[in-house]
Amino acid sequence: MSTSSSAAGAQSGGRAGTAGVLFSMCLSLVLVVASVSAINLAMPELAVTLGASNAQLTWIADSYTVTLAALVLTLGALGDRLGRRNVLLVGTVVFAIGSLLAGMSDSAEQLIGWRVVMGLGAAMIMPGTLSTITATFPDAQRARGVAVWSGFASAGAILGLVGAGAMLEMWSWRSIFYVSAALAVAAGLSALMLSQNTRDQDRHRPDLLGALFTTIGIGTLVFAIIEGNEKSWTEPIVIASLALCVVAFAGYAIAGLRTEHPLLDPRLFGISGFRAGGVVVIVQFMALFGFFFVGLQYLQLIVGYSPFISAVALIPVAIVVVPVSLATPRIVDRIGMNVTMGLALVLLAAGFVAVSRIDADSGYLPFLGGLIVAGIGIGLASSTGTTAIVGSLPLTKQGVASAMNDTTREVGSAIGIALMGAVYSSTYTSNLPDLNTLPAEAAETARESAAGGLAVAAHLGPAGSALADTVRNAFMEGLSASMIVVAIIVAVAAATSFLFAPRRLTPPVDAQNDSVPT
């Protein structure tokens, strides 16, 4: 990626210019990330007001993320050609329209559809945030700029939850989308006034096959995970989705090796830092957003917190993540990248194991203890993984590096929500007793979600006490199982980081050399 003259001006503009770029890009980043997490606070209300099932709740959360993950590489490449700020500004308009109409939805199906539109806008916004920072910041400030971006990428999820919680205290779930629309307009104006329009000056033929294959591969992978758990892994549509996923990724690899300028060169995965950074980022965000999907329901349904208090209860994590992210470059200098990556994932897994051991009577403090440990791991992992990806490639390839970083984050988020939602849902349902003594509609509501089960119990008067206890215990079994499954995955990734990640990044190929670094 080469920069336009306006980007070069930003590099010579000193702290004032880079501070404005950093503010505007982080504002756009927080808008995108917060919209992944904020909806999780409204899950209990959506289950009741829209009659959404566990599967529909998963798709309400994941339709946005799947769309973003599937399209971010393609739209990032479009930004490289047309100007990253130009595409970002169009994205804020699409995002605002999708948010406004999502707030007017009258059914779970409508909400899922408009979340897809929001994901399209987010995929136009997200790639330009990091690549604009790496393109406009001078060498001496680039590492700190990436660390600040990484901190907000993680903490932005908490900020979204706190904002959503405050709105849900006063208004319905619809307010989350109306405010998101207004923030999208603010982010667009901020980028227009404070940021430069950078682009790749080298004009290559667009890799349409690569765009098609990556979009299909990512989309079918997450679809298969969600539908496989909800229906059956032997269902024809699930098998067909997995088969199409394999074919799409194979097609991507074959086409990428034969294309002179591929969308994402498969040979880049031969770079140890690039590969290790991708693994760390995807695993970290899988754990983080999967936890939001299940853990927030614990605070609301089991502890009894309001949506706002539930969000506030997560603020200590954000307080930990940002300073740890900023300190990570110095930690890497002292103990090496591989040790930092491995330690980060060990802490993340340990935090999840601690949360898996709580029960319906544990309350908040044991939950918080596990979160703090996990938060330290998240802060270390976010900055280290992003630095490994962007630091493995020269400035001429920062568009690719940024798109890869965004893709791994969003794929991880989508898989995390799908995986933890799937494990929780199946375990919850299997731990419910025979509900045939209830009216058919009430029994189905209780099976569909814990929020629905507690709502049914509340309408049964004194007789509902036993049902409520059963639902809470089934929920805790689902929470524990989902935490353990993800902790195992994170622990395996930690071992691979210790063993195979580089201790130091190999300096990337000179910016004038257009070959793939090795």
Side-chain angles (χ1 to χ4, degrees), residues 55 58-59 62-78 80 112-113 115-116 119-120 122-123 126-127 204-271 274-279 281-283 285-286 290 389 399-401 403-419 421-423 489 492-493 496 516:
T58 301
W59 274 113
D62 245 347
S63 56
Y64 172 87
T65 312
V66 171
T67 306
L68 172 53
L71 294 176
V72 70
L73 271 173
T74 301
L75 295 177
L78 184 66
D80 287 345
I112 291 169
R115 287 277 286 173
V116 169
L120 171 61
M126 187 78 167
H204 304 304
R205 183 179 179 181
D207 180 16
L208 298 180
L209 272 180
L212 178 64
F213 283 137
T214 54
T215 299
I216 293 174
I218 294 168
T220 53
L221 172 63
V222 180
F223 177 84
I225 291 173
I226 296 172
E227 292 298 301
N229 176 75
E230 179 64 21
K231 296 179 181 177
S232 168
W233 290 100
T234 59
E235 282 286 321
I237 190 171
V238 175
I239 295 173
S241 295
L242 290 172
L244 184 56
C245 173
V246 171
V247 170
F249 280 124
Y252 147 74
I254 295 171
L257 292 173
R258 296 181 176 181
T259 303
E260 185 177 359
H261 299 287
L263 178 69
L264 178 63
D265 196 323
R267 288 165 290 194
L268 292 175
F269 293 98
I271 307 170
F274 187 85
R275 183 176 60 249
V279 170
V281 171
I282 198 170
V283 169
F285 275 79
M286 177 195 70
I389 293 172
V400 173
M404 174 63 181
N405 185 72
D406 296 339
T407 301
T408 53
R409 286 173 184 271
E410 303 315 322
V411 168
S413 300
I415 293 176
I417 294 170
L419 177 62
V423 174
I489 296 173
V492 171
T496 62
V516 176

Nearest heavy-atom neighbours spanning A224 and L242:
CB-CD2, 3.5 Å

L257: side chain to side chain contact (heavy atoms under 4.5 Å, CB included) partners, not counting sequence neighbours
P266, R267

Please tabulate, one pair per line, all N/O donor-acceptor pairs under 3.5 Å involving side-chain atoms of residues 209-221, not counting sequence neighbours.
| from | atom 1 | to | atom 2 | distance (Å) |
| --- | --- | --- | --- | --- |
| T214 | OG1 | G210 | O | 2.9 |
| T214 | OG1 | A211 | O | 3.2 |
| T215 | OG1 | A70 | O | 3.1 |
| T215 | OG1 | A211 | O | 2.8 |
| T220 | OG1 | I216 | O | 2.6 |
| T220 | OG1 | G217 | O | 3.2 |

Of all heavy-atom pairs linking S63 and R115, the shortest is OG-CB, 3.2 Å

Considering residues at least two apart in sequence or located in another chain, which fulfil the side chain to side chain contact (heavy atoms under 4.5 Å, CB included) criterion with I237?
F223, E235, S241

Say you draw a straight line from CG of L419 to CE of M286; how long is it, rounded to the nearest 0.5 Å?
6.5 Å

Write down the atom of P127, the atom of V72, and the distance for their closest heavy-atom approach.
CG-CG2, 3.4 Å

Between A493 and V279 the two heavy atoms that sit nearest each other are CB-CG1, 4.3 Å

Separation of L71 CG from M126 CE (nearest 0.5 Å):
14.0 Å

Shortest non-hydrogen contact from I389 toward V281
CD1-CG2, 4.3 Å

Under the rule for ring pair (Phe, Tyr, Trp, His ring centres under 6.0 Å), what residues qualify as partners of Y64, not counting sequence neighbours?
none

